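Positions are given from 1 along the sequence. This is a predicted model, so every value here is computed, not measured.
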Amino acid sequence: MTAPVEAPVPKRILPVLVLAQLAGTSTWFAVNAVMPSLQAEFGWEASAVGTLTSAVQLGFISGALVLALLSIADRFSARRVFLFASIAQALCTLIAVAVAESFAALCVWRFLTGFLLAGIYPVGMKIASQWFPRGLGHALGLLIGALVLGSAFPHALRGAAVGWPWHHVFYAVAGIAAAAGVVLVMLIPEPPGNVARPSGLQFRALWAVAGERRVRASVLGYFGHMWELYTLWVLMPMILATRLSDPVTISWSAFVSLGMGAAGCAVGGWIATRTGSAPVAGAMLTVSGLCCFIAPWALDAPLFVFGAWLVVWGFSISGDSPQFSALTARNSPPALVGSVLTLTNSIGFAISILSIQLFVWLAQTYPLAQLIPWMGIGPVLGVWALWPLLREEAQH
(Lines give C-alpha, C1' and ligand atoms only; values in the text may rest on other atoms or scores of the structure.)
Protein backbone atom coordinates (compact mmCIF):
# COMPACT_ATOMS: atom_id res chain seq x y z
CA MET A 1 0.00 0.00 0.00
CA THR A 2 1.24 3.48 -0.78
CA ALA A 3 2.62 5.27 2.23
CA PRO A 4 0.76 8.44 3.26
CA VAL A 5 2.25 11.68 2.07
CA GLU A 6 3.05 13.57 5.26
CA ALA A 7 4.63 16.69 3.81
CA PRO A 8 2.33 19.37 2.35
CA VAL A 9 1.47 18.57 -1.23
CA PRO A 10 2.69 21.28 -3.65
CA LYS A 11 -0.26 23.26 -4.97
CA ARG A 12 0.71 22.62 -8.58
CA ILE A 13 0.35 18.82 -8.33
CA LEU A 14 -3.41 18.49 -8.74
CA PRO A 15 -3.83 21.14 -11.50
CA VAL A 16 -0.94 19.65 -13.50
CA LEU A 17 -2.30 16.12 -13.06
CA VAL A 18 -5.79 17.22 -14.14
CA LEU A 19 -4.46 19.02 -17.22
CA ALA A 20 -2.25 16.05 -18.12
CA GLN A 21 -5.25 13.71 -17.84
CA LEU A 22 -7.31 16.05 -20.02
CA ALA A 23 -4.61 16.27 -22.71
CA GLY A 24 -3.62 12.62 -22.49
CA THR A 25 -7.14 11.38 -23.23
CA SER A 26 -7.76 13.74 -26.15
CA THR A 27 -7.12 10.91 -28.66
CA TRP A 28 -9.97 8.76 -27.30
CA PHE A 29 -12.81 10.11 -29.45
CA ALA A 30 -10.78 11.76 -32.22
CA VAL A 31 -12.40 9.55 -34.88
CA ASN A 32 -15.90 10.42 -33.71
CA ALA A 33 -15.21 14.13 -34.14
CA VAL A 34 -14.14 13.74 -37.78
CA MET A 35 -16.32 10.79 -38.80
CA PRO A 36 -18.42 12.72 -41.36
CA SER A 37 -15.23 13.71 -43.20
CA LEU A 38 -13.91 10.14 -43.13
CA GLN A 39 -17.19 8.79 -44.48
CA ALA A 40 -17.26 11.38 -47.25
CA GLU A 41 -13.65 10.69 -48.26
CA PHE A 42 -13.62 6.90 -48.05
CA GLY A 43 -17.28 6.03 -48.58
CA TRP A 44 -17.73 4.17 -45.29
CA GLU A 45 -21.15 3.20 -43.98
CA ALA A 46 -22.66 5.03 -41.01
CA SER A 47 -22.09 1.96 -38.81
CA ALA A 48 -18.31 2.43 -39.15
CA VAL A 49 -18.30 4.86 -36.23
CA GLY A 50 -19.53 2.11 -33.91
CA THR A 51 -16.86 -0.33 -35.06
CA LEU A 52 -14.03 2.19 -34.67
CA THR A 53 -15.23 3.28 -31.25
CA SER A 54 -15.54 -0.33 -30.12
CA ALA A 55 -11.97 -0.97 -31.31
CA VAL A 56 -10.74 1.71 -28.89
CA GLN A 57 -12.89 0.33 -26.07
CA LEU A 58 -11.63 -3.22 -26.67
CA GLY A 59 -8.06 -1.92 -26.71
CA PHE A 60 -8.61 -0.18 -23.38
CA ILE A 61 -10.01 -3.37 -21.83
CA SER A 62 -7.02 -5.36 -23.07
CA GLY A 63 -4.54 -2.75 -21.91
CA ALA A 64 -6.08 -2.48 -18.45
CA LEU A 65 -5.93 -6.25 -17.95
CA VAL A 66 -2.34 -6.53 -19.22
CA LEU A 67 -1.15 -3.64 -17.04
CA ALA A 68 -2.85 -5.22 -14.04
CA LEU A 69 -1.58 -8.77 -14.71
CA LEU A 70 1.98 -7.51 -15.07
CA SER A 71 1.65 -4.97 -12.22
CA ILE A 72 3.20 -2.37 -14.52
CA ALA A 73 2.17 0.70 -12.51
CA ASP A 74 3.40 -0.97 -9.29
CA ARG A 75 6.70 -2.33 -10.60
CA PHE A 76 7.67 0.88 -12.42
CA SER A 77 7.27 4.58 -11.81
CA ALA A 78 3.66 5.52 -12.59
CA ARG A 79 4.93 8.86 -13.95
CA ARG A 80 7.13 7.12 -16.49
CA VAL A 81 4.37 4.70 -17.47
CA PHE A 82 2.17 7.75 -18.14
CA LEU A 83 4.94 9.35 -20.21
CA PHE A 84 5.52 6.21 -22.30
CA ALA A 85 1.78 5.72 -22.91
CA SER A 86 1.34 9.38 -23.90
CA ILE A 87 4.09 9.33 -26.50
CA ALA A 88 3.22 5.86 -27.81
CA GLN A 89 -0.47 6.65 -28.30
CA ALA A 90 0.50 9.88 -30.07
CA LEU A 91 2.58 7.81 -32.50
CA CYS A 92 -0.36 5.41 -33.00
CA THR A 93 -2.57 8.39 -33.83
CA LEU A 94 -0.08 9.65 -36.42
CA ILE A 95 0.21 6.20 -37.99
CA ALA A 96 -3.59 5.99 -38.08
CA VAL A 97 -3.59 9.01 -40.41
CA ALA A 98 -1.19 7.26 -42.79
CA VAL A 99 -3.25 4.06 -42.95
CA ALA A 100 -6.75 5.56 -42.72
CA GLU A 101 -7.68 4.56 -46.26
CA SER A 102 -7.74 0.96 -45.02
CA PHE A 103 -10.63 0.57 -42.58
CA ALA A 104 -9.15 -2.62 -41.13
CA ALA A 105 -5.74 -1.00 -40.55
CA LEU A 106 -7.38 2.01 -38.93
CA CYS A 107 -9.25 -0.31 -36.56
CA VAL A 108 -5.96 -1.95 -35.56
CA TRP A 109 -4.27 1.35 -34.77
CA ARG A 110 -7.33 2.62 -32.88
CA PHE A 111 -7.23 -0.63 -30.87
CA LEU A 112 -3.60 0.08 -30.00
CA THR A 113 -4.50 3.64 -29.04
CA GLY A 114 -7.12 2.28 -26.66
CA PHE A 115 -4.58 -0.21 -25.28
CA LEU A 116 -2.22 2.66 -24.45
CA LEU A 117 -4.99 4.79 -22.97
CA ALA A 118 -4.96 2.21 -20.17
CA GLY A 119 -1.61 3.78 -19.26
CA ILE A 120 -3.26 7.20 -18.97
CA TYR A 121 -6.66 6.95 -17.27
CA PRO A 122 -6.02 4.32 -14.54
CA VAL A 123 -2.39 5.37 -14.09
CA GLY A 124 -3.47 8.98 -13.60
CA MET A 125 -5.73 7.76 -10.78
CA LYS A 126 -2.80 5.78 -9.37
CA ILE A 127 -0.66 8.95 -9.27
CA ALA A 128 -3.53 10.81 -7.59
CA SER A 129 -3.80 8.10 -4.93
CA GLN A 130 -0.05 8.43 -4.25
CA TRP A 131 -0.21 12.17 -3.71
CA PHE A 132 -3.68 12.39 -2.14
CA PRO A 133 -4.22 9.35 0.11
CA ARG A 134 -6.74 11.53 1.93
CA GLY A 135 -9.33 13.50 0.02
CA LEU A 136 -9.12 11.08 -2.90
CA GLY A 137 -12.82 11.46 -3.73
CA HIS A 138 -12.38 15.12 -4.57
CA ALA A 139 -9.24 14.42 -6.62
CA LEU A 140 -10.98 11.61 -8.53
CA GLY A 141 -13.90 13.89 -9.31
CA LEU A 142 -11.55 16.38 -10.95
CA LEU A 143 -9.51 13.68 -12.70
CA ILE A 144 -12.47 11.89 -14.24
CA GLY A 145 -13.92 15.29 -15.12
CA ALA A 146 -10.67 15.94 -17.00
CA LEU A 147 -11.07 12.58 -18.76
CA VAL A 148 -14.56 13.61 -19.90
CA LEU A 149 -13.41 17.01 -21.10
CA GLY A 150 -10.36 15.54 -22.82
CA SER A 151 -12.51 12.96 -24.61
CA ALA A 152 -14.87 15.72 -25.80
CA PHE A 153 -12.00 18.02 -26.83
CA PRO A 154 -11.67 16.78 -30.46
CA HIS A 155 -15.21 18.05 -31.09
CA ALA A 156 -14.15 21.52 -29.94
CA LEU A 157 -10.98 21.33 -32.00
CA ARG A 158 -12.99 20.35 -35.05
CA GLY A 159 -15.41 23.22 -34.42
CA ALA A 160 -12.66 25.79 -33.91
CA ALA A 161 -10.56 24.67 -36.86
CA VAL A 162 -13.06 25.60 -39.55
CA GLY A 163 -11.81 24.30 -42.90
CA TRP A 164 -9.20 22.01 -41.39
CA PRO A 165 -8.81 18.63 -43.14
CA TRP A 166 -9.70 15.79 -40.79
CA HIS A 167 -6.11 14.60 -40.45
CA HIS A 168 -5.06 17.95 -38.96
CA VAL A 169 -7.32 17.17 -36.00
CA PHE A 170 -5.43 13.90 -35.57
CA TYR A 171 -2.09 15.71 -35.74
CA ALA A 172 -3.23 18.21 -33.12
CA VAL A 173 -4.48 15.65 -30.59
CA ALA A 174 -1.34 13.55 -31.10
CA GLY A 175 0.84 16.54 -30.22
CA ILE A 176 -1.32 17.43 -27.23
CA ALA A 177 -1.27 13.84 -25.95
CA ALA A 178 2.54 13.58 -26.21
CA ALA A 179 2.95 16.92 -24.44
CA ALA A 180 0.78 15.65 -21.57
CA GLY A 181 3.31 13.02 -20.55
CA VAL A 182 6.30 15.35 -20.90
CA VAL A 183 4.68 18.06 -18.79
CA LEU A 184 3.61 15.59 -16.11
CA VAL A 185 7.10 14.13 -15.71
CA MET A 186 8.71 17.59 -15.68
CA LEU A 187 6.35 19.17 -13.13
CA ILE A 188 5.29 16.28 -10.89
CA PRO A 189 8.10 14.53 -8.97
CA GLU A 190 7.91 11.07 -7.47
CA PRO A 191 5.65 11.24 -4.40
CA PRO A 192 7.57 11.20 -1.11
CA GLY A 193 7.38 7.92 0.75
CA ASN A 194 6.15 6.04 -2.32
CA VAL A 195 7.28 2.42 -2.35
CA ALA A 196 6.28 0.37 -5.38
CA ARG A 197 5.20 -3.19 -4.61
CA PRO A 198 4.25 -5.62 -7.34
CA SER A 199 0.87 -7.13 -6.58
CA GLY A 200 -0.50 -8.60 -9.80
CA LEU A 201 -4.13 -9.12 -10.59
CA GLN A 202 -5.75 -10.88 -7.64
CA PHE A 203 -8.38 -13.25 -9.01
CA ARG A 204 -9.96 -13.40 -5.57
CA ALA A 205 -11.44 -10.09 -6.73
CA LEU A 206 -13.95 -12.13 -8.74
CA TRP A 207 -15.38 -13.42 -5.48
CA ALA A 208 -15.34 -9.94 -3.98
CA VAL A 209 -17.40 -8.63 -6.90
CA ALA A 210 -19.89 -11.50 -6.78
CA GLY A 211 -20.01 -12.25 -3.06
CA GLU A 212 -19.66 -8.94 -1.21
CA ARG A 213 -23.10 -7.32 -1.05
CA ARG A 214 -21.88 -3.70 -1.00
CA VAL A 215 -19.32 -4.29 -3.76
CA ARG A 216 -21.93 -6.05 -5.87
CA ALA A 217 -24.33 -3.12 -5.47
CA SER A 218 -21.87 -0.48 -6.67
CA VAL A 219 -20.45 -2.69 -9.44
CA LEU A 220 -23.86 -3.53 -10.89
CA GLY A 221 -24.82 0.14 -10.67
CA TYR A 222 -21.68 0.97 -12.63
CA PHE A 223 -22.57 -1.61 -15.28
CA GLY A 224 -25.93 0.08 -15.79
CA HIS A 225 -24.12 3.40 -16.16
CA MET A 226 -21.77 1.94 -18.79
CA TRP A 227 -24.67 0.58 -20.88
CA GLU A 228 -25.72 4.18 -21.48
CA LEU A 229 -22.55 6.32 -21.25
CA TYR A 230 -20.44 5.62 -24.32
CA THR A 231 -23.44 4.89 -26.52
CA LEU A 232 -24.50 8.50 -26.00
CA TRP A 233 -20.98 9.65 -26.88
CA VAL A 234 -21.20 7.80 -30.18
CA LEU A 235 -24.77 8.81 -30.96
CA MET A 236 -24.42 12.48 -29.97
CA PRO A 237 -23.49 13.74 -33.49
CA MET A 238 -26.42 11.78 -34.93
CA ILE A 239 -28.77 13.24 -32.32
CA LEU A 240 -27.56 16.78 -33.06
CA ALA A 241 -27.88 16.21 -36.81
CA THR A 242 -31.63 15.71 -36.38
CA ARG A 243 -31.93 19.44 -35.60
CA LEU A 244 -28.72 21.06 -36.87
CA SER A 245 -27.13 21.06 -40.30
CA ASP A 246 -23.93 23.13 -39.96
CA PRO A 247 -20.97 20.82 -39.16
CA VAL A 248 -19.23 23.49 -37.07
CA THR A 249 -22.33 24.04 -34.95
CA ILE A 250 -22.71 20.29 -34.48
CA SER A 251 -19.07 19.99 -33.35
CA TRP A 252 -19.36 22.79 -30.80
CA SER A 253 -22.72 21.52 -29.57
CA ALA A 254 -21.28 18.02 -29.08
CA PHE A 255 -18.34 19.46 -27.14
CA VAL A 256 -20.59 21.53 -24.86
CA SER A 257 -23.11 18.74 -24.25
CA LEU A 258 -20.57 16.00 -23.58
CA GLY A 259 -18.08 18.32 -21.88
CA MET A 260 -20.74 19.21 -19.29
CA GLY A 261 -19.90 15.83 -17.81
CA ALA A 262 -16.72 17.39 -16.42
CA ALA A 263 -18.85 19.83 -14.42
CA GLY A 264 -21.04 16.90 -13.36
CA CYS A 265 -18.01 15.05 -12.00
CA ALA A 266 -16.69 18.10 -10.13
CA VAL A 267 -20.06 19.15 -8.70
CA GLY A 268 -20.92 15.56 -7.81
CA GLY A 269 -17.61 15.17 -6.00
CA TRP A 270 -18.27 18.32 -3.97
CA ILE A 271 -21.78 17.18 -3.03
CA ALA A 272 -20.54 13.69 -2.15
CA THR A 273 -18.31 15.11 0.59
CA ARG A 274 -21.54 16.21 2.31
CA THR A 275 -24.05 13.49 1.41
CA GLY A 276 -21.96 10.44 0.56
CA SER A 277 -21.25 8.90 -2.82
CA ALA A 278 -24.30 6.64 -3.18
CA PRO A 279 -26.93 9.44 -3.21
CA VAL A 280 -24.94 11.36 -5.81
CA ALA A 281 -24.47 8.29 -8.03
CA GLY A 282 -28.14 7.37 -7.66
CA ALA A 283 -29.37 10.88 -8.44
CA MET A 284 -27.13 11.28 -11.51
CA LEU A 285 -28.12 7.85 -12.82
CA THR A 286 -31.81 8.63 -12.30
CA VAL A 287 -31.58 11.94 -14.16
CA SER A 288 -29.67 10.44 -17.09
CA GLY A 289 -32.20 7.60 -17.29
CA LEU A 290 -35.06 10.10 -17.39
CA CYS A 291 -33.25 11.88 -20.23
CA CYS A 292 -33.39 8.60 -22.18
CA PHE A 293 -37.10 8.13 -21.60
CA ILE A 294 -38.12 11.66 -22.61
CA ALA A 295 -36.13 11.46 -25.86
CA PRO A 296 -39.20 11.01 -28.14
CA TRP A 297 -40.55 14.34 -26.83
CA ALA A 298 -37.20 16.17 -26.50
CA LEU A 299 -36.09 15.40 -30.05
CA ASP A 300 -39.05 17.40 -31.40
CA ALA A 301 -39.15 20.06 -28.65
CA PRO A 302 -38.27 23.73 -29.31
CA LEU A 303 -34.57 24.16 -30.03
CA PHE A 304 -33.84 25.73 -26.62
CA VAL A 305 -35.48 22.79 -24.83
CA PHE A 306 -33.66 20.32 -27.11
CA GLY A 307 -30.33 21.93 -26.19
CA ALA A 308 -31.14 22.03 -22.47
CA TRP A 309 -32.05 18.32 -22.60
CA LEU A 310 -28.65 17.42 -24.05
CA VAL A 311 -26.76 19.63 -21.57
CA VAL A 312 -28.57 18.05 -18.60
CA TRP A 313 -28.00 14.59 -20.05
CA GLY A 314 -24.29 15.27 -20.60
CA PHE A 315 -23.95 16.66 -17.06
CA SER A 316 -25.63 13.69 -15.39
CA ILE A 317 -24.39 10.81 -17.53
CA SER A 318 -20.75 11.31 -16.49
CA GLY A 319 -21.27 12.79 -13.03
CA ASP A 320 -21.76 9.41 -11.37
CA SER A 321 -18.51 7.85 -12.65
CA PRO A 322 -16.20 9.05 -9.83
CA GLN A 323 -18.76 8.09 -7.21
CA PHE A 324 -19.09 4.52 -8.49
CA SER A 325 -15.28 4.22 -8.36
CA ALA A 326 -15.21 5.65 -4.84
CA LEU A 327 -17.98 3.30 -3.64
CA THR A 328 -16.33 0.23 -5.14
CA ALA A 329 -12.91 1.15 -3.74
CA ARG A 330 -14.36 1.89 -0.29
CA ASN A 331 -16.34 -1.34 -0.03
CA SER A 332 -13.76 -3.73 -1.51
CA PRO A 333 -11.34 -5.68 0.70
CA PRO A 334 -8.25 -3.42 1.04
CA ALA A 335 -5.89 -5.98 -0.50
CA LEU A 336 -8.13 -6.38 -3.55
CA VAL A 337 -9.07 -2.79 -4.40
CA GLY A 338 -6.85 -2.54 -7.50
CA SER A 339 -8.00 -5.86 -8.90
CA VAL A 340 -11.68 -5.21 -8.22
CA LEU A 341 -11.49 -1.85 -9.97
CA THR A 342 -9.59 -3.33 -12.92
CA LEU A 343 -12.05 -6.19 -13.39
CA THR A 344 -15.02 -3.87 -12.94
CA ASN A 345 -13.71 -1.42 -15.53
CA SER A 346 -12.96 -4.22 -17.98
CA ILE A 347 -16.45 -5.71 -17.73
CA GLY A 348 -18.00 -2.25 -17.89
CA PHE A 349 -16.17 -1.37 -21.08
CA ALA A 350 -17.17 -4.74 -22.57
CA ILE A 351 -20.80 -3.82 -21.86
CA SER A 352 -20.22 -0.48 -23.59
CA ILE A 353 -18.97 -2.29 -26.73
CA LEU A 354 -22.12 -4.40 -26.83
CA SER A 355 -24.33 -1.34 -26.36
CA ILE A 356 -22.50 0.77 -28.97
CA GLN A 357 -22.61 -1.96 -31.60
CA LEU A 358 -26.26 -2.72 -30.94
CA PHE A 359 -27.55 0.86 -31.01
CA VAL A 360 -25.45 2.00 -33.98
CA TRP A 361 -26.65 -1.04 -35.95
CA LEU A 362 -30.27 -0.43 -35.01
CA ALA A 363 -29.95 3.28 -35.84
CA GLN A 364 -29.56 2.31 -39.50
CA THR A 365 -33.13 0.97 -39.46
CA TYR A 366 -35.05 2.66 -36.66
CA PRO A 367 -35.45 6.36 -35.77
CA LEU A 368 -33.56 7.63 -32.72
CA ALA A 369 -36.84 8.52 -31.00
CA GLN A 370 -37.65 4.81 -30.82
CA LEU A 371 -34.16 3.66 -29.86
CA ILE A 372 -32.93 6.08 -27.20
CA PRO A 373 -35.50 5.12 -24.53
CA TRP A 374 -34.03 1.59 -24.56
CA MET A 375 -30.74 3.07 -23.37
CA GLY A 376 -32.62 3.85 -20.16
CA ILE A 377 -32.67 0.15 -19.27
CA GLY A 378 -29.11 0.52 -17.95
CA PRO A 379 -29.88 3.36 -15.51
CA VAL A 380 -33.07 1.65 -14.28
CA LEU A 381 -31.22 -1.58 -13.48
CA GLY A 382 -28.30 0.42 -12.08
CA VAL A 383 -30.45 2.36 -9.61
CA TRP A 384 -32.22 -0.85 -8.60
CA ALA A 385 -28.85 -2.54 -7.93
CA LEU A 386 -27.59 0.51 -6.00
CA TRP A 387 -30.67 0.66 -3.79
CA PRO A 388 -29.15 -1.20 -0.77
CA LEU A 389 -26.35 1.39 -0.56
CA LEU A 390 -28.81 4.25 -0.99
CA ARG A 391 -30.90 2.88 1.86
CA GLU A 392 -27.86 2.43 4.09
CA GLU A 393 -26.61 5.98 3.58
CA ALA A 394 -30.11 7.36 4.12
CA GLN A 395 -30.23 5.64 7.52
CA HIS A 396 -26.97 7.28 8.52
Worksheet item: Taking the six-membered ring for Trp, are W374 and F359 ring centroids under 6.0 Å apart?
Response: no
Discussion item. Tell me if the aromatic rings of W227 and F223 count as close, with their centers under 6.0 Å from one another.
Written reply: no
Within the 4.5 Å heavy-atom criterion, are [X] and [Y] side-chain neighbours or not?
| X | Y | result |
| --- | --- | --- |
| V312 | C291 | yes |
| W313 | I239 | yes |
| L83 | L184 | no |
| R12 | I188 | no |
| T328 | Y222 | no |
| Y121 | L117 | no |
| W233 | I356 | no |
| L149 | F255 | yes |

Discussion item. With a 6.0 Å cut-off (strictly less than), is the heavy-atom count around CD of E101, excluding the residue itself, greater than 12?
Written reply: no
Item to complete: Would you indicate whether Q39, at its atom CD, is surrounded by more than 12 heavy atoms from other residues, nucleotides or ligands within a distance under 6.0 Å?
Response: yes
Starting at [atom1] of [X], measure out to [atom2] of [Y] and round the result to the nearest 0.5 Å.
| X | Y | atom1 | atom2 | result |
| --- | --- | --- | --- | --- |
| L232 | S352 | CG | OG | 12.5 Å |
| L285 | W384 | CG | CH2 | 14.0 Å |
| N345 | M226 | CG | CE | 7.0 Å |
| H167 | L94 | NE2 | CG | 11.5 Å |
| C107 | L112 | SG | CG | 11.5 Å |
| F82 | R79 | CZ | CZ | 11.5 Å |

Worksheet item: Which is it for V56 and F60 under the side-chain contact (heavy atoms from CB on, under 4.5 Å) test, yes or no, and what are the steps along the way?
Response: CA-CA 6 Å; V56 179; F60 180 85; 5.7 Å; no
Practice prompt. Could you walk me through whether L106 and W44 pass side-chain contact (heavy atoms from CB on, under 4.5 Å), step by step?
Written response: CA-CA 12 Å; L106 183 58; W44 295 340; 3.4 Å; yes
Item to complete: Determine, stepwise, if the pair T53 / F29 fulfils side-chain contact (heavy atoms from CB on, under 4.5 Å).
Response: CA-CA 7 Å; T53 304; F29 282 87; 4.0 Å; yes
Discussion item. Hydrogens and angles aside, do T231 and S355 bring a side-chain donor and acceptor to less than 3.5 Å of each other?
Written reply: yes
Report whether [X] and [Y] are members of the same hydrophobic cluster (ILVMFWY, side-chain heavy atoms less than 4.5 Å apart, transitive linking).
| X | Y | answer |
| --- | --- | --- |
| W297 | Y366 | yes |
| L299 | L290 | no |
| F103 | V34 | yes |
| L116 | V182 | no |
| I127 | F84 | no |

Item to complete: For a side-chain hydrogen bond (donor to acceptor under 3.5 Å, both in side chains) with H225, tell me which candidate from S321, S318, S288 qualifies.
Response: S321
Worksheet entry | From CA spacing to verdict: side-chain contact (heavy atoms from CB on, under 4.5 Å), F324, M284 | CA-CA 11 Å; F324 279 121; M284 293 284 188; over 6 Å; no
Worksheet entry | Plane angle bin for W309 and F306 - parallel if under 30°, tilted between 30 and 60°, otherwise perpendicular | tilted
Discussion item. Using modelled atom types and a 3.5 Å cut-off, is there a donor and acceptor pairing between side-chain atoms of R243 and backbone atoms of A301?
Written reply: yes
